Amino acid sequence: MQTADVVIIGGGIVGSSIAYHLTAAGCRNVLVLERESAQGKGSTGKSMGGVRAQFSTPVNIQMSLYSIPFYASFEERLGYPCDYRPQGYLFCATQERHLAYLRANYERQVAMGLKNVRLVEGREIRQMFPLLRGDDIVGGSFCSTDGFVDPYSAMNSLMAWAVDHGAKLRKNCIVTGLVQDEQGIAAVETTEGSVATRRAVNCAGAWAAGVAKFAGVDLPVEPLRRMLVPSEPLDQFPHTAPMIIDMSNGFHFRPESRGFLLAWNDPEETPGFKTDFDMAFVEKILMRAADRVPCFADLPVNPKRAWAGLYEMTPDHHPILGEAPGVPGFFLANGFSGHGVMHAPATGRILSDLILTGKTDLIDVSLLGLERFAEGRMIHETAVL
Ligand SMILES: Cc1cc2nc3c(=O)[nH]c(=O)nc-3n(C[C@H](O)[C@H](O)[C@H](O)COP(=O)(O)OP(=O)(O)OC[C@H]3O[C@@H](n4cnc5c(N)ncnc54)[C@H](O)[C@@H]3O)c2cc1C
């Protein structure tokens, strides 16, 4: 039987980052199992690639305070690209309660050590982006080190570095079971045979609850469809723009290639493994786009280029990180609730620390343990896009 020090189940950006961090910390026998013929066929390849530190909870801010500088120095560290573009995130408030919310978040972010975030007045937003309809914008917040990465490159680069340094990636290999003995995890069963290991990490994204069941663990991670609509080339709006968020309805957009990528989370969406793109969504999103950016009324869109993917949602919109209660050696890195790309670097560091040393100083990881749901210790993130 093949053996590995650590088996990572799932080769998306989270599994790749854990493989990178374990390998960088000196762990050599890391095996990543990916059921598809190529990486990126899960949520990572569908992501909008936004990275931000403008969160409302200290633990999410801390995760970003590690992850964004990691992306900023990615090429230097790895010698591979991730295409980090620090164009910022601009939240546009249209009500006084939005402003109060942004101010409270801003104060928390600054107290946690975030630099480059500032509150902006409505007047300044209108000056910065005269093509936005700004009559109802009362202010906002902007952080210049927020921005975008190319999730697919970041994922491939993390894995390529790990493989260069001894990790193994096996594709077309579906994990079908987990074997336990009195010490905890003993082996991972796959369609290509079993792998003996004392440590397995669940990085199966939206499919994580199914993998957790193999170990008898109930994981509250639900798939939720999200759809994105790219535009055709358009030069009227600046391509240096940040991610702009209209807080009146959640519509947001960012430059992408020679056009723009439009997003809006339909509150009527229901959980499930739905990955088909709903053509009716195009009209819903274009209506909101034209309302906030009048020149988008003529935005050329080819619906055939639009796509859908899955968020992996938890009840409190925070990930579940750490060893599963009652199953020694079974680690969880799941439920990123729309933030898995931006928090992949911190997750890799945290999981690598926990696997190799049993503790981490990056965050108070007890806050994100699976036990929090049974113990009534949920910590709600409200800045979810
Ligand atoms: C439309 C959209 C926009 C998004 N925008 C952003 C954004 O702007 N910023 C951000 O940070 N996040 C964003 N996200 C969320 C982000 O994409 C995810 O949180 C992140 O990709 C999760 O990474 P992952 O590695 O956990 O999961 P995945 O990328 O889904 O990888 C999981 C892997 O596990 C494999 N797998 C599953 N079961 C098994 C098994 N039994 N055996 C072997 N392999 C298995 C799958 O094939 C898959 O490759 C977005 C998501 C979507 C859908």
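Remember, it's 1-based here, ligands and their atoms both numbered in the order they're listed. What you are looking at is a predicted structure, and each value in this text was computed from that prediction instead of being measured.
With a heavy-atom cut-off of 4.0 Å, L385 does not touch ligand 1 at all. Contact annotation: for M227 versus ligand 1, there are no heavy atoms closer than 4.0 Å. Contact annotation: for S16 versus ligand 1, there are no heavy atoms closer than 4.0 Å.
Taking any N or O of F336, backbone or side chain, none lies under 3.5 Å from an N or O belonging to ligand 1. Any N or O atom pair closer than 3.5 Å counts here, and F214 shares no such pair with ligand 1. By the 3.5 Å distance cut-off applied to N or O atoms, G50 is counted among the residues near ligand 1. Ligand 1 has no nitrogen or oxygen under 3.5 angstrom from a nitrogen or oxygen of L310. Some N or O of I13 is nearer than 3.5 Å to an N or O of ligand 1, by distance alone. Considering backbone and side-chain atoms together, W307 places no N or O closer than 3.5 Å to any N or O of ligand 1. At a 3.5 angstrom cut-off on N or O pairs, G309 does not count as close to ligand 1. Geometrically, ligand 1 and G340 share a nitrogen or oxygen pair separated by less than 3.5 Å. Distances between N or O atoms of G11 and those of ligand 1 include no value under 3.5 Å.
Residues H21 and F70 bring their aromatic ring centres within 6.0 Å. Between F142 and F91, the gap from one ring centroid to the other reaches at least 6.0 Å. When ring centroids are compared, Y20 and F74 stay outside the 6.0 Å threshold. Aromatic rings of F296 and F260 (six-membered ring for Trp) have centroids within the 6.0 Å cut-off, being under it.
In this structure the side chain of T3 never reaches within 4.5 angstrom of the side chain of M1, judged on heavy atoms.
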Let me see the working for V30 and K168 under side chain to side chain contact (heavy atoms under 4.5 Å, CB included), right down to the final yes or no. CA-CA 6 Å; V30 176; K168 290 185 194 73; over 6 Å; no
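In this structure, R85 fails the cation-pi test against F148, since its NZ or CZ atom is not both closer than 6.0 Å to the six-membered ring centre and inside 45 degrees of the ring normal. Judged by a 6.0 Å distance limit and a 45° cone about the ring axis, R52 is positioned over the six-membered ring of F55.
Closest heavy-atom approach to atom 15 (C) of ligand 1 among the candidates G338, A344, A208: G338.
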